[in-house]
Structure formats: C-alpha cells, structure tokens
Amino acid sequence: MQRILFGNHSTQMPAIARHIDHHRYEASFAPFDAVDLSRFDLVVPLRIEQIAPARGGLAVLPTDELVALCDDKLALNLWLIDHGFGDTVPALLGTRPTDYPYIRKTRRGDFGLGCAMIRGPGEDDGSDHPDVFRQRAVAGADEYVLHLLRIGGTIRFQVAYRYDMGQPLGVRGAVDRPASITPADPGPALDTCTAILAALDYEGTCCFNYKWEGGGCASSNSIRASAVRWWVS
C-alpha cells in the first residue's frame, strides 16, 4: 500500500478521504513542514502555497517560475495572448471601461477573492493600482472546471465538472456558490488546455476554469497552477 500525504484543504480533504481507493492508498493530511516527507511515497499539495514545501518530498510539480506565472492572472492572460491562445482570453480593458458588464480583478487571489462583477456606472472605484486590472465578463450560468495531471509531457489523468451558477454573471467563490455540480465532458476544451500545458512545458496538476462562448472556450479569468486547480478567479 502506498502512503500519500496531501496538504490541508477544507473542501478537498473530505472528498479525497471519501473517494480514494483505500485498498491501494493510505491517505494522510498535514502541513508539510510538520512531518517527515521522506516517510511518504507521494506528496500532493492542494494549494499554491503548499507547492514550495512539497519539493522536499517525492512530488510532480511545476517549476517555481510557472507557479509564479499562473498565480498572476494578468501575466498569465498576457502570456496566453503572446503565445497564440488569445482567442481564449476575454478582452483586457482600461482603467475606466464604459462597456458593461466587466470584471474588476486583483492580479492574485483565488476562490473569487479580489474579483468584483461591475454591471454599471458607479460600481467601480476606478483604481489604477498596478495590482488591479479589468476584463470583459463572459456571461453564462454554466462554468466548467477541468482538472489535469501532466507527467513527462503526457496527460495522465483528467476529470471535468459543470457548475450551474444559477445566474449569468456570478463570480464563483465565497459569495456566489453553484446551485449544482455535475460531471462533464470537456469536449474540445481538453485539446486547448493540453496545448496550453505543452506550450508552458507544465508538469504536475492544474485546473482550468472556463465557459463556452460562441462555440469556443473562453477563460473567465485564468489557469490556476495549484495542486488540484485556468481561470483567473
């Protein structure tokens, strides 16, 4: 039986404990700096800040440079545009857009933190702080998430889900929660996401969050380089 150490994560831990094959794997959860990582056959971070300490054990991880890129929503959007994936990126806007709706975002933050849906005049403070940017909103109640594991240039695992947000302009996270979550077929998004990871030379786990718009997939925000998570939310 292989021993796997996962990082702490309030929502992922119960799901892992419930669905992991207990005949093949012994799962543990702990802060990585509090245990001897050499005791485990595999170390799996579940949040971005857990990636660096996971390097002390046996793990499949993206480089520090890729973690920094994917953790910066604006930098990642610009990278996608510069590397031929601009059709997946909703338009980046100036400091004071006049076309609504749009999203005001901080460059870093997950689970909707730092994101605000701006539906009309007077809802945005007009900040020109370098950590703040704006982007066209992608309407639609259905959001999708595609989890991928890439090792040695090959996708070794993939699973996708559809989140019914119950409203066309929700920001999934601490404030707006999905009405339902169901398994989904990623369809053409799988090829797009796989091509992005290949262009990045990304190894490890990641998560693409996206919506479908006009027959194509558009990231509402970014890719998250985390241990289980495209979408800059």
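Computed from a predicted structure; not experimentally measured. Side chains are part of it too, since the values below use all heavy atoms of this structure and drop only hydrogens, waters and symmetry mates.
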> Could you check whether Arg3 makes a cation-pi contact with Phe40, meaning its NZ or CZ is under 6.0 Å from the centre of the six-membered ring and within 45° of the ring axis?
yes

> Testing the basics here: between Pro31 and Asn8, what is the closest heavy-atom pair and its distance to 0.1 Å?
CD-ND2, 3.4 Å

> Are Tyr202 and Leu146 connected, step by step, through hydrophobic side chains (Ile, Leu, Val, Met, Phe, Trp, Tyr) whose heavy atoms are closer than 4.5 Å?
yes

> Donor-acceptor pair, distance only, cut-off 3.5 Å: does the side chain of His22 make one with the backbone of Ala17?
yes

> Side chains of Thr154 and Arg156, heavy atoms from C-beta outward: is any pair under 4.5 Å?
yes

> Taking atom CG of Leu190 and atom CD1 of Ile155, what is their separation to the nearest 0.5 Å?
7.0 Å

> Hydrophobic clustering (ILVMFWY, side-chain heavy atoms < 4.5 Å, transitive) - are Phe208 and Leu69 grouped together?
yes

> Given side chain to side chain contact (heavy atoms under 4.5 Å, CB included), test Met13 with Phe6 step by step and report yes or no.
CA-CA 8 Å; Met13 290 189 296; Phe6 295 90; 5.9 Å; no

> Quick one, Tyr144 and Arg162 - any side-chain contact, counting heavy atoms below 4.5 Å?
yes

> Hydrophobic cluster membership, with links at side-chain heavy-atom distances under 4.5 Å among I/L/V/M/F/W/Y: are Phe29 and Ile4 in one?
yes

> Do you know which two heavy atoms are closest between Asp164 and Asp142, and how far apart they sit?
CA-OD1, 4.0 Å

> Applying the 4.5 Å side-chain criterion to the ILVMFWY set and letting contacts propagate, would Leu58 and Ile151 be lumped into a single cluster?
no

> What is the ring orientation for Trp79 with Phe85, classed by angle as parallel under 30°, tilted 30 to 60°, or perpendicular over 60°?
parallel

> Let me confirm one number: the CG-CD distance from Asp176 to Gln167, rounded to the nearest 0.5 Å.
4.5 Å

> Indicate yes or no for a side-chain donor-acceptor contact from Arg172 to the backbone of Tyr163 under 3.5 Å, with no hydrogens or angles considered.
no

> Below 4.5 Å, heavy atoms only, C-beta onward: do Arg136 and Val89 meet side chain to side chain?
no

> So, for Pro53 and Leu37, which heavy atoms are closest and what is the spacing to 0.1 Å?
O-CD1, 3.4 Å

> Atom CG of Asp21 and atom CD of Gln2: how far apart are they, to the nearest 0.5 Å?
11.0 Å

> Apply side chain to side chain contact (heavy atoms under 4.5 Å, CB included) to Phe133 and Lys105, showing your working.
CA-CA 5 Å; Phe133 71 106; Lys105 307 174 185 176; 3.6 Å; yes

> Side chains of Arg134 and Asp124: does their closest heavy-atom pair fall under 4.5 Å?
yes

> Using distance alone, with no hydrogens and no angle criterion, decide if Ser127 and Asp125 have a side-chain donor and acceptor under 3.5 Å apart.
no

> Looking at side-chain heavy atoms only, is the closest gap between Val145 and Glu143 below 4.5 Å?
no

> Of all heavy-atom pairs between Arg108 and Asp131, which one has the smallest distance, and what is that distance?
NH1-OD1, 4.5 Å

> Is any side-chain heavy atom of Arg104 closer than 4.5 Å to one of Val132?
yes

> Quick one: pull up OG1 in Thr106 and CG in Leu113 and give me the separation to the nearest 0.5 Å.
8.0 Å

> Looking only at heavy atoms, what is the nearest atom pair of Thr95 and Gly126, with distance?
CG2-O, 3.4 Å

> CD1/Ile181 to OH/Tyr161 distance, rounded to the nearest 0.5 angstrom?
9.0 Å

> Tell me, do Thr192 and Tyr210 make a side-chain contact under 4.5 Å, heavy atoms counted?
no

> Working to the nearest 0.5 Å, report the span between CD1 of Ile16 and OG1 of Thr11.
9.0 Å

> When hydrophobic residues are tied together by side-chain contacts of less than 4.5 Å, even through go-betweens, does Tyr102 share a cluster with Leu78?
no

> Is there a side-chain contact between Val44 and Thr205 in this structure, where contact means two heavy atoms from C-beta onward sitting under 4.5 Å apart?
no

> Can you give me the closest heavy-atom contact between Ala27 and Ile20, atom names plus distance?
CB-CD1, 3.9 Å

> Can Lys211 and Glu213 be counted as an ion pair, charged N to O under 4.0 angstrom?
no

> If you draw a 6.0 Å radius around CG in Asp99, do more than 12 non-hydrogen atoms from other residues or ligands fall strictly inside?
no

> For Asp110, is there an ion pair with Arg47 - N to carboxylate O distance below 4.0 angstrom?
yes

